[in-house]
Engineer: 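Take this structure first; my questions come after.
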Amino acid sequence: MDIQEELKVAIKQAITELYQQEIGEVALQPTKKEFDGLYTFVTFPLTKILRQNPAQIGQSIGTWLVDNSPIVSQFNVVQGFLNLSIDDSAWITVMNDMATDVAFGTLPAKNQSVMVEFSSPNTNKPLHLGHLRNNFLGDSVSRILAANGYDVVKACIVNDRGVHICKSMLAYKMFGDGETPESAGMKGDHLIGKYYVLFDKAYKTQIEEMVAQGTPKEEAEKQAPLMQEVQQMLRLWEQGDAETVALWRKLNNWVYEGFDATYQTIGVSFDKTYYESNTYILGKEIVEEGLQKGVFYQKPDSSVWIDLTEEGLDQKLVLRSDGTSVYMTQDLGTTDLKFQDFHNDRQIWVVGNEQDYHFNVLFAILRRLGRPYANNLYHLSYGMVDLPTGKMKSREGTVVDADDLIQETTEAASTAADEAAKGKLDEFSDAEKAALFTTLGLGALKYYLLKVDPQKRMQFNPAESVDLHGNTGPYIQYVHARIQSVLRKAVELNVLTDKPVEATDLDEIEQQLVFLLSQYPQRVEEAGQDYAPSYLAQYAYELAKTFNQFYDKLSILKEVDPVKLHTRLVLAKVVGETIRKAMGLMGIDVPDKM
RNA sequence: GCAUUCGUAGCUCAAUUGGAUAGAGCACCUGACUACGGAUCAGGAGGUUUGGGGUUCGAAUCCCUACGAGUGCACCA
């Protein structure tokens, strides 16, 4: 039973019968808390069509609904707002539906596939806070789309070649002295990051020396011997020089081991990994195709361009005059490759908003080329993560390392949780405790980063990110643990939660809870449409908070009326399951005890 | 300079896409524990939604403008 749908149909019917008019889509909104009712229909827009004032329209429709719809029990009209109360029997039907539907909140299969590309790291340094926002977003959006009935392919493109990795390679060659992750006692990605920093230091010293001797800074940056060597190394790599390739392979593998450990900790995985070393040559035949189709044009120096001024964009280079690729060429190639590999109905890129322009251009070019998939591409753009002290700057050493952060968050969770648990965890083994603290720490961190609208730049406050109170992951996790505790005791009392609810009336707060629960599938759908994990964060918090109010106001296990006791247990059970699902869509686990 | 995103309580964020008196959390103040898990709940205070115009029954939301912040405007990726 879908109360909202039934209401919409009933309202349409009311207008047809009362006014002999057809209206389009009926929009309902949740009633504000200070008014009676749960659904509100706004009548202002109808005044012109129905030629009546808003309050009269509300009064007429409200009266008709109470007389003709079995689910509408009461109504009130405030100006142009028609507030509707729903009969308890309808809510109880809804509750029973939800309690028996194992797949509640999972939408029917759409027989369409989506590729979500995210993470896509460079292999010269470890992941940082910004990558975490990217990974959590991509992972969560993938889960949300799967819940919406799409077949999802999670893809990662590893940027494993180029100047940046050559810098680490060169520094390792110079200062490495055979060091390995084992000998250094460091994760591989951190070790390579160390050499990247070493390169940068040595390089800067060279530049400073050259500038001191009178070379202009810009020229010094290009002429510095270290940079020359890096360029030479890149050429050797491209020529397939055995020694260079072997070094490259060795260092990259260390980095992958490090990344894998981090991915495992944060619970992120991919269905397909592309390596740029395999794909960077792609795209040149597309340039050829574009020239033949007249989409691109060639300048006398033989560089190739596209003119996108009609789309409000600029002229853009797609092939250098020496015939080598640029970033855009590669992306054209990989987009085609991804489509050939999976034939996805849609492709999504989770990439920071500094590349907004790049994706506008990429999509415009693919449209011009007449790619069949060109209108089903989406750049999920997200804002940077700032620190309370300002921007993260690698040069100033203010970058927050992902592994460090996760460790700190877990430690903070363990300190706070050990204290707050007050003996509840005594029976836990050390391993169980460690697992719980990771769940709580990661829950706090993921929730903190996902609750904000992706598009917005956000501020990361370390102290707030590990908070357990208020609008946080652990607050919601706590409600789940609390519910499980109640359900465990119910089992001891032999109260079954798998038979239908037989109550005939509900308390107001119970009604509010059922109403919220009934909205879950719709929220999943909206989150999918807008690629917005934040909707689910908002929802999970509201549900958890409402449950705590319910819990405070009404007793469950101490209730003497067996019908009410049963009703409340079923309600608690469904709330627990829905919290688990909603949090699951953000990649957040919920514990049974904490 | 051009393009683009953003500006909401002291701070961090919401606002169901144009709807009611703009809501939460943190911090601050007050109350509720012989507890179905107080890691909780109830209450208080806190706002000219950056300023100024406009559109309409109705604007944080749409348009214009000023101010402020971010990002992009490479034959880098």
Side-chain angles (χ1 to χ4, degrees), chain A residues 27-35 40 42 44-45 47-48 53-54 78-81 83 122 159 161-164 276 280 299 301 303-305 312-314 317-328 330-331 352-358 360 381 383-384 386 388 391 416-417 419-422 424 440 448 451-453 455-461 463-465 467-472 474-475 477-479 481-490 493 519 522-523 526 530 534-535 537-539 541-542 545 548-549 551-559 565 568-569 572 593-594:
Chain A
L28 290 172
Q29 52 186 338
T31 304
K32 290 208 143 206
K33 284 203 178 105
E34 58 262 44
F35 300 100
T40 293
V42 183
F44 287 111
T47 50
K48 278 181 191 157
N53 75 49
V78 183
Q79 297 165 39
F81 300 92
N83 302 320
N122 289 352
N159 189 2
R161 51 134 252 136
V163 176
H164 57 276
E276 208 180 276
Y280 81 106
K299 286 193 179 175
D301 67 359
S303 60
V304 181
W305 296 74
L313 303 163
D314 292 313
L317 177 91
V318 292
L319 198 71
R320 290 195 190 100
S321 52
D322 64 3
T324 58
S325 303
V326 289
Y327 181 39
M328 188 60 70
Q330 295 176 37
D331 253 10
N353 62 10
E354 68 273 12
Q355 295 198 33
D356 285 353
Y357 185 79
H358 170 77
N360 282 337
S381 166
M384 286 189 179
D386 287 327
K391 278 186 71 170
E419 190 183 327
K422 298 196 184 86
K424 276 176 274 181
L440 297 179
Y448 186 84
K451 74 175 176 184
V452 181
D453 178 1
Q455 191 191 3
K456 287 190 177 165
R457 193 182 182 89
M458 67 175 289
Q459 200 176 110
F460 182 85
N461 183 318
E464 277 179 22
S465 72
D467 199 352
L468 311 175
H469 309 285
N471 189 357
T472 65
Y475 171 90
Q477 288 172 319
Y478 170 74
V479 173
R482 200 180 209 188
I483 289 172
Q484 300 317 310
S485 169
V486 173
L487 292 176
R488 279 192 298 269
K489 288 196 175 144
L493 294 173
Q519 299 246 299
Q522 193 185 331
R523 296 298 272 272
E526 288 162 355
D530 295 353
S534 60
Y535 291 5
Q538 208 72 28
Y539 176 81
Y541 175 63
E542 205 183 341
K545 195 176 151 175
N548 270 341
Q549 290 166 349
Y551 185 87
D552 186 70
K553 201 174 166 193
L554 302 173
S555 183
I556 302 175
L557 294 177
K558 284 182 183 165
E559 174 58 53
L565 166 62
R568 286 172 195 167
L569 272 175
K593 284 184 189 176
M594 62 187 273

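Chain letters run A, B, ... following the sequence lines, proteins first and then strands; every chain starts at 1.
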Engineer: At less than 3.5 Å, do the side-chain atoms of Asp467(A) and the base atoms of A39(B) form a donor-acceptor pair?
Structural biologist: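 Flag unset: no donor-acceptor pair detected.
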Engineer: Return yes if a side-chain donor-acceptor contact under 3.5 Å exists between Thr40(A) and Asn83(A), otherwise no.
Structural biologist: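 Looking only at side-chain atoms, Asn83(A) and Thr40(A) do form a donor-acceptor pair, the distance falling under 3.5 Å.
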Engineer: Between His469(A) and U40(B), is there a contact of a side-chain N or O with OP1 or OP2 at under 4.0 Å?
Structural biologist: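 Yes, His469(A) has a side-chain N/O under 4.0 Å of OP1/OP2 on U40(B).
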Engineer: Taking the side chain of Asn548(A) as its heavy atoms from C-beta onward, which of C13(B), A39(B), U40(B) lies nearest to it?
Structural biologist: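 My answer, after comparing the listed nucleotides, is U40(B).
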Engineer: Which part of the nucleic acid does Gln79(A) contact within heavy-atom distance under 4.0 Å: base, sugar-phosphate only, or nothing?
Structural biologist: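 Counting heavy atoms under 4.0 Å across all strands, no contact is made by Gln79(A).
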Engineer: Nearest whole Å is fine: how far is U40(B) P from Gln549(A) CD?
Structural biologist: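 So the two atoms are 13 Å apart, to the nearest Å.
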Engineer: What does Ala481(A) touch in the nucleic acid at a heavy-atom separation under 4.0 angstrom: a base, only the sugar-phosphate, or nothing?
Structural biologist: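 Base contact.
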Engineer: In dot-bracket, 5' to 3', how would RNA chain B read with Watson-Crick or G-U wobble pairs under 3.5 Å, [ ] for crossing ones and | for pairs to another strand?
Structural biologist: (((((((..((((.....[...)))).(((((.......))))).....(((((..]....))))))))))))....
Engineer: Report which part of the nucleic acid Asn360(A) touches: base, sugar-phosphate, or nothing (heavy-atom distance under 4.0 Å, all strands).
Structural biologist: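 Here Asn360(A) touches no strand at all.
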Engineer: Is any side-chain N or O of Thr40(A) under 3.5 Å from a base N or O of A20(B), one able to act as donor and the other as acceptor?
Structural biologist: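 Indeed, a donor on one side and an acceptor on the other fall under 3.5 Å apart.
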Engineer: Between Lys489(A) and Gly470(A), just flag the one whose closest nucleotide in RNA chain B comes earlier from the 5' side.
Structural biologist: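 That would be Gly470(A).
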Engineer: Does the aromatic ring of Tyr475(A) sit over the six-membered base ring of A39(B), closer than 5.5 Å centre to centre and tilted less than 30°?
Structural biologist: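 One would not call Tyr475(A) stacked on the A39(B) base.
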Engineer: Which whole-number value in Å describes the distance from Asp453(A) CG to C6(B) P?
Structural biologist: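 Rounded to whole Å, this separation is 9 Å.
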Engineer: Within the 4.0 Å heavy-atom criterion, would you say Ile483(A) contacts the bases, only the backbone, or no part of the nucleic acid?
Structural biologist: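 Touches nothing.
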Engineer: Compare the aromatic ring of Phe35(A) with the six-membered base ring of A20(B) and state whether they stack according to the 5.5 Å and 30° rule.
Structural biologist: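 Ring-base stacking flag set for Phe35(A) and A20(B).
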Engineer: Please encode protein proximity along nucleotides 71-77 of chain B as a string of B, S and -, counting only heavy-atom distances under 4.0 Å.
Structural biologist: SS--BSB
Engineer: Say we look at G7(B) and C41(B): how far apart would their C1' atoms be, to the nearest angstrom?
Structural biologist: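 These two C1' atoms come out 35 Å apart once rounded.
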Engineer: Rounded to whole angstrom units, what separation is found between the NZ atom of Lys33(A) and the C1' atom of U21(B)?
Structural biologist: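 Rounding to the nearest Å, NZ of Lys33(A) and C1' of U21(B) are 15 Å apart.
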